[in-house]
Amino acid sequence: MLKVLVVGPESLSGTLGPTVLGRPDIDRVHVEKVDGAIETAEKARPHMVVIDLPRSEAVALVQGLRRNEVTRPTALVWLNRTAPPEAETELAVAGANAVI
């Protein structure tokens, strides 16, 4: 079963519900804040982390996940709602696999 860690507001679960991430065969783990996200990722061992946080918090989290030996291979996706286009480059340099 595919496991996804979602880092962001609780309301994000409802937003993701009608997407492919809402399928019943995907195990979702949710964390609202950066604090504890890396520890949760180490324990849960998700295949993907979906991040819905402000740019600076997202960059710090992506860098932390990439530095961690356990979470380094995990796919990282940042949901960019309002940041300028250069934010995508910044997140890619930090280690994000995709910016949506």
Side-chain angles (χ1 to χ4, degrees):
M1 177 177 281
L2 182 67
K3 187 177 286 190
V4 176
L5 172 62
V6 178
V7 183
E10 184 64 38
S11 61
L12 185 59
S13 293
T15 303
L16 295 176
T19 71
V20 70
L21 295 177
R23 292 182 355 202
D25 61 336
I26 294 178
D27 182 20
R28 286 173 308 285
V29 177
H30 187 258
V31 177
E32 288 191 43
K33 299 180 181 183
V34 172
D35 296 341
I38 293 175
E39 187 175 300
T40 300
E42 285 178 332
K43 290 177 185 173
R45 304 265 178 141
H47 297 91
M48 179 171 56
V49 178
V50 175
I51 304 165
D52 184 18
L53 296 170
R55 179 178 174 179
S56 61
E57 291 179 53
V59 168
L61 178 56
V62 167
Q63 290 172 336
L65 290 165
R66 288 295 181 233
R67 281 192 303 266
N68 185 300
E69 187 175 316
V70 174
T71 61
R72 188 173 300 127
T74 308
L76 306 176
V77 178
W78 180 52
L79 301 179
N80 177 8
R81 296 174 189 262
T82 59
E86 60 270 11
E88 183 172 344
T89 302
E90 184 180 11
L91 266 291
V93 168
N97 296 95
V99 175
I100 300 173

Under 3.5 Å, side chain of [X] to main-chain N/O of [Y], donor-acceptor pair present?
{"X": "R72", "Y": "R67", "result": "yes"}
{"X": "W78", "Y": "L53", "result": "yes"}
{"X": "K3", "Y": "A44", "result": "yes"}

Just to verify, what does [X] make a side-chain hydrogen bond (donor to acceptor under 3.5 Å, both in side chains) with, not counting sequence neighbours?
{"X": "D27", "value": "none"}
{"X": "K33", "value": "none"}
{"X": "E57", "value": "none"}

Summary of salt bridge (charged side-chain N to carboxylate O under 4.0 Å, His left out) pairs that have at least one residue in residues 91-100, sequence neighbours excluded
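Qualifying pairs, neighbours excluded: none.
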Would you please name every residue forming a salt bridge (Lys or Arg N to Asp or Glu O under 4.0 Å) with E42, sequence neighbours left out?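 None.
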| task | With P46 as reference, evaluate T71, L5, V29 under the side-chain contact (heavy atoms from CB on, under 4.5 Å) test and give the passing residue. | result |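 Checked T71, L5, V29 against P46; only one passes side-chain contact (heavy atoms from CB on, under 4.5 Å): L5.
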Of I38, T40, V49, the residue whose pairing with V7 passes side-chain contact (heavy atoms from CB on, under 4.5 Å) |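 Running side-chain contact (heavy atoms from CB on, under 4.5 Å) over I38, T40, V49 with V7 returns exactly one hit, V49.
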Please output the side-chain donor-acceptor pairs of residues 83-100 that fall under 3.5 Å, not counting sequence neighbours, one pair per line with the distance.
unit_1	atom_1	unit_2	atom_2	d
E90	OE1	R55	NE	2.4
E90	OE1	R55	NH2	2.7
N97	OD1	R66	NH2	2.7
N97	OD1	L76	N	2.8

*asked:* Taking the side chain as everything from C-beta on, heavy atoms only, tell me whether L79 gets closer than 4.5 Å to V50.
replied: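 In short, these two side chains touch, coming nearer than 4.5 Å.
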